[in-house]
Amino acid sequence: MVPSQTRRSTLAYCIIFRVHNAGLIKLIQLSQLSAYRQMGWENLTSVSEFFLLGLPAQPEQQEVLFGLFLSMYLITVAGNLLIILAIIADAQLHTPMYFFLVNLSLADTCFVSTTVPKMLANIWIQNQVISYAGCLSQLYFFMLFGMLEAFLLAVMAYDRYVAICHPLHYIMVMSPGLCVFLVSASWIMTALSSLLHTLLMNSLSFCADHEIPHFFCDINPLLSLSCTDPFINELVIFTIGSLTGLVCVLCLVISYTYIFSTILKIPSAQGKRKAFSTCSSHLSVVSLFFGTSFCVYFSPPSTRSAQKGAVASVMYTVVTPMLNPFIYSLRNRDIRSSLRKVIWFRKMHSPQW
């Protein structure tokens with residue numbers, strides 16, 4: 001029989017062991033959890049791919065979407081390239097306004113080519129994967145050509161202001177050197193701004209969920225997947241976006257305020273129509289581009305959703321670049337005349353079989 005004192009000491013030892021063992025188990029569990037978290041954060045920085053969920057559509061609607069967006073893409077590219085070719089081929093169109101229009105058509109072609117071909121490839125091969133490098137590259141060029149179009153529209157508004165409000169000084173003010181400087185400055189500023197946003201995005205870590213509810217890599221869906229604090233990114237986006245938007249909107253508003261006041265002072269109705277016709281195409285494109293983009297990025301958070309944002313993005317990423325050639329060709333007599341010359345020249349020199 002075991003003495004009572006021995007039984008008490010053994011019981012006390014067992015209790016102490018169990019208490020320490022429980023603490024030891026808890027310590028081991030915390031250590032393992034910390035190790036798992038550390039491994040998880042290390043893996044987050046080495047994201048290799050994302051998944052573009054695309055537009056909300058049923059599987060049987062994918063073929064319809066493919067045909068629709070392929071048609072819109074081909075119309076956009078063909079229309080903008082025809083405008084570029086017509087302006088280059090016609091010496092009478094070598095003026096500042098059409099120089100800016102060439103750059104705008106080039107920006108539209110590159111802008112739509114940044115997103116639509118990848119979406120068409122994903123629909124065709126039924127593969128939603130985009131690599132990490134490909135996603136950041138798409139983000140860079142999307143922001144580059146999107147901001148470039150906004151700057152070019154603001155520059156074109158200033159060009160129309162000088163042409164309507166100071167017609168006698170137009171040739172002197174809008175010199176070739178100033179036109180090249182304005183376009184070059186727009187390219188450089190947008191390239192540097194897009195590079196800054198892309199580098200800041202590259203510094204973020206992403207969670208296990210790599211699904212982007214969009215048909216391209218936009219900045220807001222990517223920030224929503226980040227596991228690190230995107231305060232710096234959001235601060236830079238707000239600062240640069242506010243400055244860029246403020247400069248472009250102020251240039252547009254001030255230019256068209258003077259333009260409309262000058263047009264209203266013209267005594268004859270025919271003179272008013274002629275003056276307004278020189279800026280009606282540009283005003284239509286400005287309203288379409290800024291109206292659709294503001295609806296996407298400045299809508300109230302309560303009404304914003306991923307699916308609605310993806311559908312609304314189609315307007316300014318696909319529809320607007322497609323409509324721009326039609327707006328300028330239908331509302332501009334010089335462009336229509338030059339396009340007829342180009343088409344007639346191709347018919348006359350095409351081989352007859």
Identify the two heavy atoms, one from [X] and one from [Y], that lie closest to each other, and give their separation to 0.1 Å.
X	Y	answer
Ala157	Ser255	O-CB, 3.6 Å
Ser113	Val77	OG-CG2, 4.5 Å
Lys272	Ile263	CG-O, 3.4 Å
Thr114	Gln138	O-NE2, 3.1 Å

[atom1] of [X] to [atom2] of [Y]: how many Å apart, nearest 0.5 Å?
X	Y	atom1	atom2	result
Leu101	Asn80	CG	CG	8.5 Å
Met156	Met97	CE	CE	7.5 Å
Ile259	Phe276	CD1	CZ	10.0 Å
Leu195	Leu199	CG	CG	4.5 Å
Met119	Leu70	CE	CG	10.0 Å
Asp218	Leu52	CG	CG	11.0 Å

Report yes if the distance between the aromatic ring centroids of [X] and [Y] is under 6.0 Å, otherwise no.
X	Y	result
Phe69	Tyr73	no
Phe51	His210	no
Phe50	Phe206	yes

Side chains of Tyr132 and Asn202: is there a donor and an acceptor less than 3.5 Å apart?
->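 Checked: Tyr132/Asn202 side chains pair up, N/O donor to acceptor below 3.5 Å.
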Do side-chain atoms of Ser193 reach the backbone of Thr190 as a donor and acceptor pair under 3.5 angstrom?
-> no
Taking only residues two or more places apart in sequence, or in another chain, which ones meet Leu82 in a side chain to side chain contact (heavy atoms under 4.5 Å, CB included)?
->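 For Leu82 the side chain to side chain contact (heavy atoms under 4.5 Å, CB included) partners, ignoring immediate neighbours, are Leu339.
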Which residues satisfy the side chain to side chain contact (heavy atoms under 4.5 Å, CB included) test with Ser137, sequence neighbours excluded?
-> none
Non-hydrogen side-chain atoms of Leu283 and Phe260 separated by less than 4.5 Å |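 In contact.
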State which residue, out of Phe100, Tyr256, Phe289, Tyr328, fulfils the ring-ring contact (aromatic ring centres under 6.0 Å, His included) condition with His282.
->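 Only match with His282 under ring-ring contact (aromatic ring centres under 6.0 Å, His included): Tyr256.
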For residues 109-157, pull every pair meeting disulfide (SG to SG under 2.5 Å), keeping only residues two or more places apart or in separate chains.
->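 The answer is Cys135-Cys217.
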